[in-house]
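The sequence lines fix the lettering, A, B, ..., with proteins before strands; numbering per chain opens at 1.
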Amino acid sequence: MASSGSGYDLSSATFSPDGRIFQVEYAAKAVENAGTALGLKCRDGVVMAVEKPLQNKMLVAKTTGRRIHTVDEHSGVAITGFVSDGRQIINRAREEASNYEETYGTKIPPKTLAQRLSTYVHYFTLHGALRPFGASTLVASYDPATKSHSLHMVEPSGISYEYYGAAAGRGRQPARTEMEKLAINPKHNEGEAELITCEEGVKQLAKIIYTLYDESKDKPFELEMSWLCEGSGWKHAGVPRDTIAAAVEWAKQQIEDESDDEDEEMEE
Amino acid sequence: MDTVFGVSYNGGGEEVDGLEWRPKPPDAKNPGDVGWLWALCCGGRREARCPVPLAPWCGTSICYSHSCCHLTLGSKHPVVLATDQVNARSILMYQQNLDKIAELSSHSAMGVSGPNCDLVNFSEYVSKNLKLIELSNDGQKLSTHAQANFCRGELAKAIRKGPYQVNIILGGYDEKKGGSMYVMDYMGSCVKQNYGAQGYASNFCLSIMDRDWDEGMNEEQAVKVVEHCIQELKMRFLINQSNFIIKVIDKEGVRTLKFDADPADN
């Protein structure tokens with residue numbers, strides 16, 4: 001753990017002598033303790049996945065709270081961290097989208113939505129009377145005017161960036177390493193045609209989640225996935241359960257094959 | 001009597017509405033038209049109800065005039081907007097070189113008709129708000145459709161509070177869609193049209209545009225049709241509006257094509 005706050009961490013209205021706001025950093029730590037959320041911008045759409053650890057053996061499976069929500073037809077949001085905090089952000093996102101459409105008659109552009117959520121989340125880091133949100137938000141959105149899709153991530157500090165691949169939560173460091181290996185960045189590949197499609201993206205995200213999962217240490221989990229792609233008519237929708245199941249199968253198989261390869265190499 | 005009526009009517013003879021600040025629904029469609037009918041059938045009687053000396057607000061409502069004429073033409077490519085340049089009230093002509101087409105952004109403009117107070121107030125309000133959105137959102141340009149919706153929303157919000165007595169034709173050019181044009185009235189109705197007119201111009205010009213407008217017209221042809229309309233107005237419209245200003249919105253942006261009196265001469 002980094003330096004203790006020693007008095008400068010009691011309120012988000014206080015800077016520390018070295019220029020940090022500890023409360024905001026602690027909020028980020030809350031996110032780090034939660035299930036991994038991943039987002040991938042593919043050639044023909046955006047895919048998001050969230051790992052939902054089942055806290056309790058008594059929980060009825062497949063009924064646990066959703067982490068991925070639709071904000072408007074053309075955009076969806078995935079949250080990780082304090083789920084109840086995330087709920088507030090989702091409600092706000094829906095209001096912003098609905099308001100924008102009422103005023104301007106068009107769907108809210110992705111950048112604008114991300115910026116509005118950013119501003120909202122940031123507001124809570126300004127007042128001593130309020131605490132920051134303990135949730136990170138991934139925003140997948142499609143702009144019908146420019147016909148482009150994008151992925152943004154809003155952090156508890158209020159920062160938001162646009163990403164090719166974004167990860168938040170427990171396994172974000174290794175997830176990022178894995179995502180860098182995928183063909184999602186047009187700069188590192190031979191232009192757009194080489195980038196992976198959403199179908200492929202679904203499988204790869206499943207693989208990343210399962211790679212990160214350590215049976216001995218982590219709780220059993222449910223995998224929630226959604227996509228916003230050409231195939232879904234540019235509407236944000238949940239990935240069908242059998243597609244997820246197939247992707248998980250594939251992922252497990254891949255992981256096994258890779259570990260077999262490793263064993264073979266070691267034997268040699 | 002008739003002359004008196006004629007003159008005050010020319011100034012914007014909506015005495016029908018002058019009696020009530022908010023026009024009654026059946027007359028509100030085009031108060032000017034009803035006034036015209038009144039003039040034809042009941043000439044003499046009207047002067048007994050002429051509100052000019054009556055109450056202070058009546059003066060304002062007389063200038064609630066649709067005597068500003070307003071034509072537009074939009075097709076796949078450029079949008080051509082034209083308005084008259086008259087600024088008048090009652091029997092007075094304030095200026096003949098007013099520019100009634102407010103430029104909203106680099107690729108959109110709206111022609112406004114109505115009393116000068118609301119004309120200027122509303123067009124500045126909308127154009128500055130749109131600029132604010134651009135500045136606050138990293139230079140994001142709103143599409144013509146979005147701008148029209150915003151404008152219409154403001155008009156609609158105001159009708160139960162204190163209407164902006166302006167009728168608007170908003171035209172704009174979007175990179176992917178090409179030109180488009182929205183016709184709005186003071187109550188907040190809004191419709192996308194290929195050609196339109198507000199004010200008395202509609203009586204004369206809609207039929208001309210019905211006949212002459214064609215899908216896929218280029219700018220030259222569109223301007224010719226607009227000029228045909230202007231010619232018609234100059235010949236047949238009772239109110240003498242000698243000066244018109246024409247603006248074109250195309251891929252390059254908004255530009256003033258021609259004017260009969262330079263708006264800068266003040």
Margin query: If you count every heavy atom of other residues, nucleotides or ligands that lies below 6.0 Å from E199(A) atom CD, does the total exceed 12?
Written below: no
Check: How about F82(A): does its CZ atom have over 12 heavy atoms from other parts shown lying under 6.0 Å from it?
Finding: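 Incorrect, the count does not exceed 12.
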Notebook entry, point to check: Do H145(B) side-chain atoms and T106(A) backbone N/O form a donor-acceptor pair below 3.5 Å?
Noted result: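 Judged by distance alone, no pair lies under 3.5 Å.
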Next item on the list: Select one option (side chain, backbone, both, neither) describing which atoms of T103(A) are under 4.5 Å from chain B's heavy atoms.
Entry: both
Margin query: With a strict 4.5 Å heavy-atom criterion, list every residue of residues 146-156 of chain B that contacts chain A, or say none.
Written below: A146(B), N149(B), F150(B)
Note to self: Checking D210(B) now: which residues fulfil side chain to side chain donor-acceptor pair (under 3.5 Å) with it, not counting sequence neighbours?
What the structure shows: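 With neighbours one apart ignored, the set is Y195(B).
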Check: Between P109(A) and Q140(B), which heavy-atom pair has the shortest distance, and what is it?
Finding: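 Heavy-atom minimum between the residues: CG-NE2, 2.9 Å.
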Check: Top residue by heavy-atom pair count (under 4.5 Å) with chain B, among Q115(A), E101(A), E102(A)?
Finding: Q115(A)
